[in-house]
Amino acid sequence: MTWFTVALVLVVAAAGLLRWRRPAWYWLAFGVTLAALRVLVRYASVMDACGLTVPPSRWRLTLARMTNRPVPESRAPRIRRVRPTRTGLVLRLKLRPGQDAFDVSAATDRLRHSFGMYGVTSHELRSGVVELRMTGYDVLKRVQMPAKTDQAPMRIPVALREDGSVHYRDYRAVPHGLTLGATESGKSVYQRNLVAGLAPHDVALVGIDCKQGVELFPLARRFSALADNPDTALELLEALVTHMEEVYQLIRAEQRISVALPDAEIAADIWDLPEDLRPVPVVVLVDEVAELALFATKDEEKRRDRIITALVRLAQLGRAAGIYLEICGQRFGSELGKGITMLRAQLTGRTAHRVNDETSANMAFGDISPDAVLAAIQIPTDTPGIAVTGDASGGWARIRAPHTSLREAVNICNRHADHTPDLPALAPFRPAVAPLAPAPVPLSKTAPATA
């Protein structure tokens with residue numbers, strides 16, 4: 001009995017230590033089993049307490065009266081599947097007649113308390129089927145990306161969502177994006193993760209960094225073009241507009257529309273072209289967009305209008321030509337001048353880190369979801385990297401990118417410098433970098449053998 005007690009104390013101590021220092025290990029070793037049992041045992045009573053049950057149907061009541069049996073109880077949604085994950089549990093529920101997915105979504109906070117989970121989110125898969133994703137611990141406190149992710153061309157993993165799933169930046173589904181964040185909010189780390197994720201892909205990176213290049217120029221080996229001041233940025237953007245027009249001419253020449261040509265072979269964008277003719281896609285990263293919109297003189301105002309016009313044209317027409325925008329800034333509001341709201345309307349993907357004013361959050365999510373605006377302005381200052389992301393569909397979620405230092409991002413860009421394409425239209429803006437130093441040769445104590 002003494003040995004059993006000692007072993008039990010050691011197991012409890014190990015579980016407590018793991019829960020404190022390694023919550024993911026604790027969850028896989030102990031938490032997932034305890035949570036699954038807790039959910040299955042409490043399921044019926046919790047659903048009844050949360051108002052997620054329906055009364056028995058008339059035919060069941062009639063059958064109970066005819067057979068002189070007790071009145072049947074209310075029924076909860078049927079569990080179709082319980083699947084454990086590395087961060088929590090996934091329950092797939094089949095709703096009863098009369099229930100709605102919104103009822104389940106509105107009760108997620110009560111379900112979180114009742115089941116003793118850290119977080120619960122609801123997602124409607126199809127009509128009558130809802131998926132509950134439960135997290136057993138705070139996955140955003142120490143972000144650990146899974147070893148295997150579902151990568152595809154122009155689709156890269158950049159952060160972890162609060163439900164434990166991976167947040168992807170899919171440029172073919174969401175061509176243009178807006179990223180906001182105050183100083184020390186984690187916006188730069190998010191941007192580094194974007195560059196590091198795109199570096200191994202066959203894509204041209206174009207950067208505009210009006211902070212004299214302190215953010216993007218250390219990554220210059222992987223960039224096909226860089227600008228560090230508004231004057232150069234204007235020339236670069238107009239060169240991109242010219243490149244976009246040339247790509248459209250190529251697509252038009254390759255369409256060859258005729259009566260005999262199948263619809264599937266008609267080219268409407270670069271992804272419909274044969275691989276040997278397909279131009280390389282271009283991702284344009286604009287850091288501190290407000291610096292491009294501010295002016296103090298008449299000449300600077302004319303330059304500003306040309307810059308905003310070029311950005312709006314790229315946002316409206318660039319998707320089919322394979323040009324994608326990533327607009328970043330600390331502040332984004334209508335006071336930046338005419339054309340800003342028109343540009344905002346073309347930026348489908350929205351990501352907001354901690355912001356200093358509600359106006360910036362409204363510019364990001366005001367036309368998407370009021371709940372996302374409230375979530376963005378409630379991000380605390382002691383959790384840099386936490387962000388709210390959403391798109392035009394109205395859905396939103398909290399995310400956090402893994403911390404990537406500037407040194408790590410530079411090493412990744414240097415490692416994949418051979419993927420940097422040469423675009424003739426952007427050749428004048430190609431950053432001049434010194435060749436990489438060769439790796440040091442280890443010294444050997446023995447002399448090499450001679451013939």
Is any side-chain heavy atom of [X] closer than 4.5 Å to a side-chain heavy atom of [Y]?
| X | Y | result |
| --- | --- | --- |
| Thr383 | Ile386 | yes |
| Val166 | Asp150 | no |
| His176 | Val174 | no |
| Gln316 | Met342 | yes |
| Leu52 | Asp103 | yes |
| Leu178 | Phe332 | yes |
| Trp271 | Pro281 | yes |
| Arg133 | Val120 | no |

Side chain [X], main chain [Y], donor-acceptor under 3.5 Å:
| X | Y | answer |
| --- | --- | --- |
| Gln378 | Ala375 | no |
| Arg344 | Met363 | yes |
| Arg222 | Ala199 | yes |
| Ser105 | Ala101 | no |
| His123 | Glu131 | no |
| Arg350 | Ala364 | yes |
| Arg221 | Ala417 | no |
| Arg354 | Ala182 | no |
| Arg96 | Ala76 | yes |
| Asp209 | Glu215 | yes |

side-chain contact (heavy atoms from CB on, under 4.5 Å) between Leu93 and Tyr43, worked out: CA-CA 12 Å; Leu93 307 179; Tyr43 180 76; 3.6 Å; yes
So for atom [atom1], which belongs to [X], do other residues, nucleotides or ligands contribute more than 12 heavy atoms lying within a distance under 6.0 Å?
| X | atom1 | result |
| --- | --- | --- |
| Glu358 | CD | no |
| Lys94 | NZ | yes |
| Arg112 | CZ | yes |
| Glu184 | CD | no |

For [X] versus [Y], what's the shortest heavy-atom pair and its separation?
| X | Y | answer |
| --- | --- | --- |
| Cys210 | Leu292 | SG-CD2, 3.5 Å |
| Gln191 | Leu285 | CG-CD2, 4.0 Å |
| Met145 | Ala159 | CE-O, 3.5 Å |
| Val373 | Gly366 | CG2-N, 3.8 Å |
| Ala290 | Leu336 | CB-CD2, 4.1 Å |
| Ala361 | Ala376 | CB-CB, 4.2 Å |

Any side-chain donor paired with an acceptor under 3.5 Å for [X] and [Y]?
| X | Y | answer |
| --- | --- | --- |
| Gln330 | Glu288 | yes |
| Arg415 | Asn411 | no |
| Asp163 | Thr135 | no |

Does Arg169 count as lying over the ring of Tyr171, i.e. NZ or CZ under 6.0 Å from the six-ring centre, within 45 degrees of the axis? yes
Is the distance between the ring centroids of Tyr137 and Tyr118 less than 6.0 Å?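 So the answer is no for these two rings.
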Evaluation steps, side-chain contact (heavy atoms from CB on, under 4.5 Å), between Leu95 and Val130: CA-CA 7 Å; Leu95 301 182; Val130 173; 3.8 Å; yes
Does Asp272 pair with Arg278 as a salt bridge, N-O distance under 4.0 Å?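 No, Asp272 and Arg278 are not salt-bridged.
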Is the shortest distance from a Lys or Arg side-chain nitrogen in Asp357 or Arg331 to a carboxylate oxygen in the other one below 4.0 Å? yes
Name the one of Leu325, Leu311, Val206, Leu423 that satisfies side chain to side chain contact (heavy atoms under 4.5 Å, CB included) with Leu240? Val206
What residue among Thr351, Ile379, Ile399, Leu180 forms side chain to side chain contact (heavy atoms under 4.5 Å, CB included) with Val388? Ile379
Go through it in stages, so that I can follow the logic: the residues are Leu314 and Val241, the test is side-chain contact (heavy atoms from CB on, under 4.5 Å), and I'd like the CA-CA distance, side-chain angles, deciding distance and then a yes or no. CA-CA 7 Å; Leu314 290 173; Val241 172; 4.1 Å; yes
Between Glu124 and Phe102, is a side-chain contact (heavy atoms from CB on, under 4.5 Å) present by the stated rule, with each step listed? CA-CA 9 Å; Glu124 183 179 7; Phe102 177 77; over 6 Å; no
